[in-house]
Amino acid sequence: MTMKKLLAVASMALTLGVGATAAPAAEGGHIPDVDYQFEGMFGTFDREAAQRGLQVFTQVCASCHSMKFVAFRSLTDLGYTEDQVEAIASQYQVRAGPNDQGNMFRRPGEPNDTFPSPYKNKVEGELANGGAYPPDLSTITQARAGGPEYVEALLTGYEQAPSDANVPQGAYWNPVYPGNKIKMPQMLIDGVVNYKDGTKATAEQMAHDVTVFLHWAAEPHLEERKRMGIAVVLFLIVLTGLFYAAKRKVWRDVK
Ligand code: HEC
């Protein structure tokens, strides 16, 4: 193998090992490509966007959705102090018990809890949402074919239904959603949250921010994984160089 070929193989390993996130099209409507800061070989989470996304999640999405695999304490990754994490957790009501009377009760969340569901059980959640249970959002950006781009487009994808469409009671027209009829109402309307950092809360901005937050939730180790990928590839390149030099030395006298 020539040095050139070796380099080609190394650069292929680089692409495979670090895993660029492409945006495969889902079967729904048009999904614009978004340049997320967490994409690419050196991708990192935009922490300001993720923190705003947490605010959107807490004030809007959490009234229907849980994230039962994400513990409040992991929010320190996004730059919150432990005191701030305690304060955030205590905004949530967590189901606990039974107490000594045998009853379940609610108490404010603690750092070791995970983002709770507002519903007692699946049936209650379905009854409140026209028969569709709001899915757990812990890994939603990974679970849907279009990835984060799909989630971001879905949240602002609502439109007036065409006159010949038969949209049942409790469903809404959203061409991004496969099948177009979704039982989640349009939640992101300009100004529905008041961002603490002064950013203007347009629907698009909130959709972007909450998507960055949800992708962090789904892939909290993304940065570590990418750093590791780069270290491994650098190591392999150095090793390749050493082997090549050794090979030249060993075969030097063979014509
Ligand atoms: C009023 C309740 C409610 C609120 C608030 C709400 N959702 Fe939903 N959401 C639902 C329901 C119900 C579904 C299931 C829809 C269906 O199956 O038709 C859903 C589904 C979803 C899905 C999955 C769509 C799919 O492809 O299956 C995503 C993603 C989502 N919601 C994100 C969010 C985000 C982000 C927020 C906050 C900005 C939010 N939701 C706020 C009720 C809600």
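Being a predicted model, the structure only gives us computed values, none of them experimental. Numbering of ligands and ligand atoms starts at 1, following listing order. Only this structure's heavy atoms are used, side chains among them; waters, hydrogens and symmetry mates stay out.
Side chain of Lys183 to main chain of Gly130: a donor-acceptor pair is present (N/O by atom type, distance under 3.5 Å, no hydrogens or angles).
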Report task. For salt bridge (Lys or Arg N to Asp or Glu O under 4.0 Å), just list the numbers for Arg73 and Glu82, CA-CA rounded to whole Å, side-chain angles, deciding distance to a tenth of an Å, and then say yes or no. Result -> CA-CA 8 Å; Arg73 76 180 127 67; Glu82 302 207 343; over 6 Å; no

| said: Go through it in stages, so that I can follow the logic: the residues are Arg144 and Glu152, the test is salt bridge (Lys or Arg N to Asp or Glu O under 4.0 Å), and I'd like the CA-CA distance, side-chain angles, deciding distance and then a yes or no. | reply: CA-CA 12 Å; Arg144 291 294 176 271; Glu152 184 166 335; over 6 Å; no

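The shortest heavy-atom contact between Pro134 and Asn129 is CG-ND2, 3.4 Å. Shown here for Val176 and Gly157, the closest heavy-atom pair between the two residues is CG2-CA, 4.1 Å.
Cys64 lies apart from atom 8 (Fe) of ligand 1 in this respect, since none of its N, O or S atoms is found at a distance under 2.8 Å. Note on Met187: not counted as a metal contact of atom 8 (Fe) of ligand 1, no N/O/S atom lying under 2.8 Å.
For the pair Arg52 and Tyr195, the cation sits on the ring face: its NZ or CZ lies under 6.0 Å from the ring centre, inside 45° of the axis.
Atom 18 (O) of ligand 1 has Lys183 N, 2.9 Å as its closest protein atom, hydrogens excluded (heavy atom only). Leu154 CD2, 3.7 Å is the protein heavy atom nearest to atom 24 (C) of ligand 1. Shortest contact from atom 26 (O) of ligand 1 to any protein heavy atom: Tyr150 OH, 2.5 Å. The nearest heavy-atom contact from the protein to atom 17 (O) of ligand 1 is Tyr177 OH, 3.5 Å. In terms of protein heavy-atom proximity, atom 29 (C) of ligand 1 is closest to Ile140 CG1, 3.7 Å. Nearest protein neighbour of atom 37 (C) of ligand 1, counting heavy atoms only, is Cys61 SG, 1.8 Å.
Donor-acceptor pairing under 3.5 Å is lacking for the side chains of Gln91 and Thr58.
Every atom of ligand 1 is numbered from 1 in the order shown, and the set under 4.0 Å from a heavy atom of Ala132 is 12 (C), 16 (C), 17 (O). Within the listing of ligand 1, atoms 33 (C), 34 (C), 35 (C) sit less than 4.0 angstrom from a heavy atom of Leu155. For ligand 1, the atoms lying closer than 4.0 Å to a non-hydrogen atom of Ile182 are 15 (C), 18 (O).
From Phe115, atom CZ reaches atom CG of Asp136 across 11.0 Å, with rounding to the nearest 0.5 Å. With rounding to the nearest 0.5 angstrom, the CZ atom of Phe57 is 6.5 Å from the CZ atom of Phe213. Of the inter-residue distances, the one linking Tyr80 atom OH with Leu54 atom CG reads 4.5 Å to the nearest 0.5 angstrom.
Within the 4.0 Å heavy-atom criterion, the part of Arg144 lying near ligand 1 is the side chain and not the backbone.
Inclusion of Tyr133 in the set of residues having an N or O under 3.5 Å from an N or O of ligand 1 is not warranted.
Evaluated by nearest non-hydrogen atom to atom 20 (C) of ligand 1, the leading choice among Ala62, Ser63, Pro135, Gly53 is Pro135.
Vertex atom 8 (Fe) of ligand 1, arms ending at SD of Met184 and NE2 of His65: the angle is 170° after rounding to 10 degrees.
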